[in-house]
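Input: a single structure, listed below in structure tokens.
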Amino acid sequence: MNSKVIYEKSKGLSDFHLSYCPGCTHGIIHKLVAETLVDLDLLERTVGISSVGCSALNYDFFSCDMQQAAHGRAPAVATGIKRVRPDNIVFTYQGDGDLASIGIAEAIHAAHRGENITIVFVNNAIYGMTGGQMAPTTLLGQKTTTSQDGRDAASQGLPLRVSEMMAQIPGATYIERVSVHDPKHVNKAKKALKKAFDIQNKKLGFSMIEFISTCPVNWGINPKDSVDWAVDNMIPYYPLGVYKDKTVGEK
Amino acid sequence: MNSKVIYEKSKGLSDFHLSYCPGCTHGIIHKLVAETLVDLDLLERTVGISSVGCSALNYDFFSCDMQQAAHGRAPAVATGIKRVRPDNIVFTYQGDGDLASIGIAEAIHAAHRGENITIVFVNNAIYGMTGGQMAPTTLLGQKTTTSQDGRDAASQGLPLRVSEMMAQIPGATYIERVSVHDPKHVNKAKKALKKAFDIQNKKLGFSMIEFISTCPVNWGINPKDSVDWAVDNMIPYYPLGVYKDKTVGEK
Amino acid sequence: MVNEKTIIAGFGGQGVMLMGQLLSYVATKEDLNTLWFPSYGPETRGGTANCSVTISESNVNSPVISTPDSIIIMNKPSLNKFQSKLKKDGHLLINSSLVKGLDYREDVNVYEVAANDIALELGNLKVANMVMLGAYLEVTKVFTNEQIINIMKEKFTGSKANLIEMNRKALEEGKKAVRS
Amino acid sequence: MVNEKTIIAGFGGQGVMLMGQLLSYVATKEDLNTLWFPSYGPETRGGTANCSVTISESNVNSPVISTPDSIIIMNKPSLNKFQSKLKKDGHLLINSSLVKGLDYREDVNVYEVAANDIALELGNLKVANMVMLGAYLEVTKVFTNEQIINIMKEKFTGSKANLIEMNRKALEEGKKAVRS
Amino acid sequence: MAKGRIIIDLNRCKGCNLCTYYCPVHILKLDETTTNDRGYTPLMVTEPEKCIACAFCATMCPDSVITVERFVKEANNE
Amino acid sequence: MAKGRIIIDLNRCKGCNLCTYYCPVHILKLDETTTNDRGYTPLMVTEPEKCIACAFCATMCPDSVITVERFVKEANNE
Amino acid sequence: MSKVLMKGNEAMALAAIKAGCDAFYGYPITPQNELPEYLSKHMRTHGRAFVQSESEVAAINMVYGAAGAGARVMTSSSSPGIALKQEGITYIAGAELPAVIINVMRGGPGLGGIQPSQADYNQITRGGGNGDYSLYALAPESLQETVDLIKESFEIADYFRNPVMIAVDGLIGQMMEPVDVDREVKKWDLKPKTWAADGNRKDHPKNIINSLYLDPQDLENHNIKLQKKYTEMKENHQRYELINMENAEIAIVAYGSVARIARTAIEILAEKGIKAGIVRPITIFPFPEKAFKELPSSVENLLVAEMSMGQMLQDVKLANECRLPIHFYGRVGGIVPEAEEIAQKVIDIIGGQSHE
Amino acid sequence: MSKVLMKGNEAMALAAIKAGCDAFYGYPITPQNELPEYLSKHMRTHGRAFVQSESEVAAINMVYGAAGAGARVMTSSSSPGIALKQEGITYIAGAELPAVIINVMRGGPGLGGIQPSQADYNQITRGGGNGDYSLYALAPESLQETVDLIKESFEIADYFRNPVMIAVDGLIGQMMEPVDVDREVKKWDLKPKTWAADGNRKDHPKNIINSLYLDPQDLENHNIKLQKKYTEMKENHQRYELINMENAEIAIVAYGSVARIARTAIEILAEKGIKAGIVRPITIFPFPEKAFKELPSSVENLLVAEMSMGQMLQDVKLANECRLPIHFYGRVGGIVPEAEEIAQKVIDIIGGQSHE
Ligand SMILES: Cc1ncc(C[n+]2csc(CCOP(=O)(O)OP(=O)(O)O)c2C)c(N)n1
Ligand SMILES: Cc1ncc(C[n+]2csc(CCOP(=O)(O)OP(=O)(O)O)c2C)c(N)n1
Ligand code: SF4
Ligand code: SF4
Ligand code: SF4
Ligand code: SF4
Ligand code: SF4
Ligand code: SF4
Ligand SMILES: [Mg+2]
Ligand SMILES: [Mg+2]
């Protein structure tokens, strides 16, 4: 009997071992980005921007050109590149600390200017890299090293919904929130990424895909339970779906 | 015949002459803030934050304690104060360059944390202080010194609607957009301010009042025509109204 | 050898900066060295403004003029600020429409020009600066009116071009005001 | 005079840091000077980790231990990294469950302890570190098991308190492993 | 008859003309015959007797130049 | 009969157990008898013959450890 | 009080609480995370303020706000985070506000690494922000000294109305040592903060906190006033320690962790019969120039040892005033020099092998 | 080409266009606004990129991006804006990217004022960001020199793969002078940017732009490599001018606008029979130490004149190596010293009236 490879490591990924903890869904998201760039045949003219977070080292993981950006500033770096290389594909890969906290201004203004870039936004409701501090997206009651009794609305506010907020920006073209908690959603997430990169390739403007992701280590639960926790706790507060799509005629 | 004073310079203002250009509506907004603080009897325990913009010098104009903040950082300064003086009233006074451009992160995160402060946001669709550069709120086609052929969507994006965006922040309590283009609207604007400061006084959280304002000098039209220009051009794109009011039971 | 150092001072909006720039433009055209430098008062808006212009055949060094050869004073506060700097026997040109009732130094040449009044007569208050500039040219002879007008023709395009005739008249009236 | 310099090295997750900290806690309690210092490998996640512990009656100066008196090696990469630093006649304690087939220096005292295996026998792989610590205490005699257990009682509260008994056994087994 | 009157703090006025536009009875204009200490052409009232004390002018003045008084008839006329 | 098979890149595996959970036919588990070069307990297949080549395991593996092959019947059976 | 074993970052946090710090505003960054983490838990129980800000920029501006309102306030970060705070720091200095800023230095430039370093010496002592201003900068070598100086730094900041920088490296942040957190520290003679814009108009007339002076003469006067303060620091508040200087042939100049390592180095050298001393700057601004005037005539060489490419060298050269030959030994990027390396360098120098 | 009268800010903008600057990213701030304003209009017509960024922080990170992609890129700002860029600048230096940064200095600290100043000397020459890095920093005195140096600075930046800072003050930004914008400047020997992460994988293997080195040994090696570059700058690329030095009794050390004022001062002094020369640093990093070795023996005193509280003094002291007495004259906060003041200071010194 002969056989056909139906799934293998993407050519969009290098041979480096990913630096993520076992079972961290950052890895799944990396695969999707890599596969999408390969599928759309964009890899050779893509520049990716690593941000600061657990994914800081992913300049080694993607097999396209990469720049490592200062914490929160990836969309500015992407703007800098895209404006001088308008025919390239430029994406940023940013965590929720990076994008929603220190870098919210840069994300908003890239959208505001309608920069023709794609943001891959990984929301794991925590600062993974620095050991589990509270993020703007940390849920109420969630324990982190800087909300040790659980996030408390009175002193720490209510979790920020980034896609909802960014969808209000007139300059943004496409914003969707996805999850990678099972194969079906992984495939849906990939479709979203494809749409985003396709929009960029067609020069239709700014796109952002928000991924609900896990942090088994800092959440203190195993990888599978982490996925379940994301489904049970994060998705209700961060509903999946398309938040903005100017390509279907919406203003 | 006797007489009764029905309108006079507010005690909330010092005797300094305002540094604004003739007919600039910054002055009207100052009066409203001052009057509101007096009416609600808050002046003695208020700290105001001057930002960087034409209003940078207003630490001299209000008769309460004042701090001058770095460009865009007034909400952070306000947070710093309010957290150590929770019983004081703390407000920021910020232009659209200050708040919507360099300071958008600080504004968003003050709202996100639900800081119990009030932001007075003066949107005049331009950088007044520095000589008329484009602001995030500059309208499409509007000429400024950095959009000399008029703001162009393709390279400069679509104008940012700040109140709409901030209304999406779960932590914010009250957000309204007002205008001061005639006595009726001035009075409405004052009501909005009163509501905002009242919310703060009752410790109900974050409030922001966005004012549609003019910049006769950098718009290059006289004060009255400026007011008309604001009505004809700004208000259609920046509709007046309450964008968020958690005090009426909305989530 | 040409070596003229002039300070021009007034309210923001009186066209003080332009007067100086025109001189520097002409100087550049004539292949002279020149340096124009503006200064605004501490008031953010509607305050005082002044500029320094040096025109010289040799290199211009310090951009700051400590001892001007001439000063053109367009409003009251400027007189107090700059009069003392003027070199002995220098030219003090005063917009006497606005500067009234003040004392002048005795060791300098004073020229009072009712520039605002003259400009209003010409039909546009805005050209008061050109009236003063005309007076200045008459006194110092650095350049001719024609040289100024030629530069204006280069620089003023579009709607501003229509104003050139008015400016020519203003320069002329200024000259007259000090000639008489 | 007590003056013990120890380096403990292994994978992140093997409890290497805790071993060192426990020694420093006891030292502090005994009014000795002590300094504990951690170091993580360049890998962000799941890489190697080590800590240095100095216990001394006199002041502790350099936090960096150039020539340790003892080293506790919990995994293969650490042996290569630290073996050469050990002082002549120093103690080299090896977790021989994981470190196999490598060469040891001849001028030091080598103690092989199958810590993982012993821990698994005790029912919890996690206490492999305590097995090694027990062995270390037996060899160096800096402190007694009891001193370590007392500190654990102070520091381990809540659910962790239940593990103390297991740790006591692990320490004991570690001692035995090098005694025999 | 005037319902009230306005008092103008001349040196604060910047001659911006906003108040004049909003006065419903059109009795305000700039006094072109003079300039104030800061070089501005200040406000003047043309027909004070027409003032209805609506305070629109004062409300719209950015520089708090205008004080508005309303005449009140007293019970016992002192 | 197996519809396909998976190939495990043992040294990339981190033993996270995600794939095992998603395998619809429950034929994946960690091989507790060994550790790979980086200290992890790697994946193994218990009953390869049950594999339906759904690629769920590979899809969910964060570390691209798993290659999935589907068996194809050829027209002329070489 | 008896000593407790604490991690540097936590000891620093506790020291701030003991000093009456009213508020902490900061943003996570390695290797100082245990500091805000500790405070996130403990400030609230003490009724104090803790905010994890959205960024370092926000943090330092929150500090500016609280300091202006008269509170005792602290922030901490590590090298790139401190770079982001430069505008805020110059505002705080310009507005003459007291604040304590901790920099747990790591390797640079850029994102660099996360291991210990002293490569922010210039950033700290020359001011990375705009304008003529200085921070009072303390560089302790042990946890006990760190705790003591942090406690005193709130007093110093209030006294000078100036930001105080605590310059430590990742070693001090991460190490554990026994400390007595209740040791008495010097109390400075402090006046009530009548200048604070604290929204308390019943007690005082309107207060303004500001660094804007549009009139150049005002700004020059303001600068002259600031400069007097820095001169006062330089003249009367240099701090340093001279170690083992009697008959020393060479003085090692080292601060912070490197000074500790140098202590071991001079022991090694003593065993070899070489007499080496240490000049240990405790303030790096003002730099302890006076220490160099006090060196015994036996000292024939200076060796500057740093975890940087030689940033302190300039200050040593200036203080030395061309008297003694100066040598340099530096390790960077997170590599901590070993005592043996420093000792060897001394041996090379004395044997005439090395010239900077 | 004939000269045209231009405002400094606009001349700088045009110089960048002439130098083939592909992109400008900046945020408005006085007194440099005409620079971005000019470019907002003219970059597009040249098919180049112009973005008014949301902040200085964004601007410098856009510069980082474009530089990493191999473009010639520039930003400009003024003092507090430069303070905000410190993190971005250290990243650019750390990742070894070429970029041109203009600082049109104004008075500080904090918001300060908007008048001319040189109070960012430390910020520029000592690096306000974290880590061991340096900028190549040029300080022209006239518009012609500014234009020439900006044009060359793109070459220098590319050559060293290092940011170049153009340090001018508000005077140069605001003044108008005739300039020839087409004057030839030195072309440096440049290699193709094969290192650029420009998304052009057809020409080269994958490129990475990065300043993160988690392994301390890698980071130390990287630092040693960087340091070699700075040493090369110091050894071979100091720039300065010695003016009127023959038989001079005193040398005035001054850069930028102050050097021009000093030129007038020495004329005034010459009239009084006093021979004064000028040491004019053109690079402030590397500081022109060599100039001081070339001073004639007639020079008996040095006078440092600056628009700061004396930030350049340290470099002069270091370069002077304790040879000559050093005096200082500084004005700050936007006050520009007059030639007469400097001349008077010289007279006082020569008469023995002044000691720093
Ligand atoms: C200017 C600056 N501030 C702070 C840090 C420290 N830091 C590194 S990663 C990180 C947060 C990462 O969290 P997130 O973006 O959510 O990514 P994750 O690790 O969760 O994927 C922080 C605060 C830094 N490197 N630089
Ligand atoms: C860090 C920093 N960047 C830039 C500036 C320059 N600046 C001063 S005011 C201003 C914009 C003001 O515009 P806006 O906030 O809209 O206020 P307006 O003057 O229009 O009322 C800018 C960019 C500054 N002072 N500080
Ligand atoms: S710390 Fe969390 S987010 Fe980071 S790699 Fe580990 S599991 Fe993933
Ligand atoms: S510049 Fe514009 S906003 Fe500023 S004071 Fe003048 S009119 Fe008002
Ligand atoms: S109060 Fe009313 S009627 Fe009287 S002047 Fe003012 S606007 Fe006119
Ligand atoms: S609105 Fe006020 S400032 Fe304007 S003209 Fe009227 S009184 Fe004067
Ligand atoms: S391909 Fe499907 S059936 Fe086969 S091992 Fe993977 S998950 Fe199980
Ligand atoms: S999901 Fe991947 S890494 Fe995790 S156990 Fe399975 S094969 Fe190994
Ligand atoms: Mg995260
Ligand atoms: Mg504005």
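Within every chain, numbering begins at 1; the chains are lettered A, B, ... in the order of the sequence lines, protein sequences first and strands thereafter.
Here the closest non-hydrogen pair linking H:Gln174 and C:Phe37 is CB-CE1, 4.0 Å. Summarising the geometry of H:Pro178 relative to C:Thr34, their closest heavy-atom pair is CD-O, 3.2 Å, with the distance given to 0.1 Å. Closest non-hydrogen pair, H:Ala339 versus C:Ser66, comes out as N-OG, 4.3 Å.
For a residue to count as touching a neighbouring chain, one of its non-hydrogen atoms must lie under 4.5 Å from one of that chain's; by this rule C:Ser52 does not touch chain H. With a 4.5 angstrom heavy-atom cutoff, C:Val53 does not touch chain H via any of its atoms.
Note that CE of H:Met175 and OG1 of C:Thr54 are 9.5 Å apart. Values are rounded to the nearest 0.5 Å. C:Ser62 contributes atom OG, which lies 8.0 Å from atom CD of H:Glu340 (distance to the nearest 0.5 angstrom). Interatomic distance, H:Lys3 NZ to C:Asn33 CG, rounded to the nearest 0.5 Å: 6.5 Å. One finds the CG atom of C:Leu35 at 8.5 Å from the CG atom of H:Leu171 (value rounded to the nearest 0.5 Å). In this structure, OG1 on C:Thr67 lies 7.5 Å from CD1 on H:Ile268, to the nearest 0.5 angstrom. The distance from atom CE of H:Met6 to atom CH2 of C:Trp36, rounded to the nearest 0.5 Å, is 13.0 Å.
Surrounding NZ of H:Lys7 are more than 12 heavy atoms belonging to other residues, nucleotides or ligands, all under 6.0 Å away.
Along residues 246-262 of chain H, the residues that come nearer than 4.5 angstrom to chain C, judged on non-hydrogen atoms, are H:Arg260, H:Ile261 in order of number. Chain C is approached within less than 4.5 Å, heavy atom to heavy atom, by no residue from residues 28-45 of chain H.
With chain C as the partner, the residue from H:Glu177, H:Glu341, H:Glu267 showing the most heavy-atom pairs under 4.5 Å is H:Glu177.
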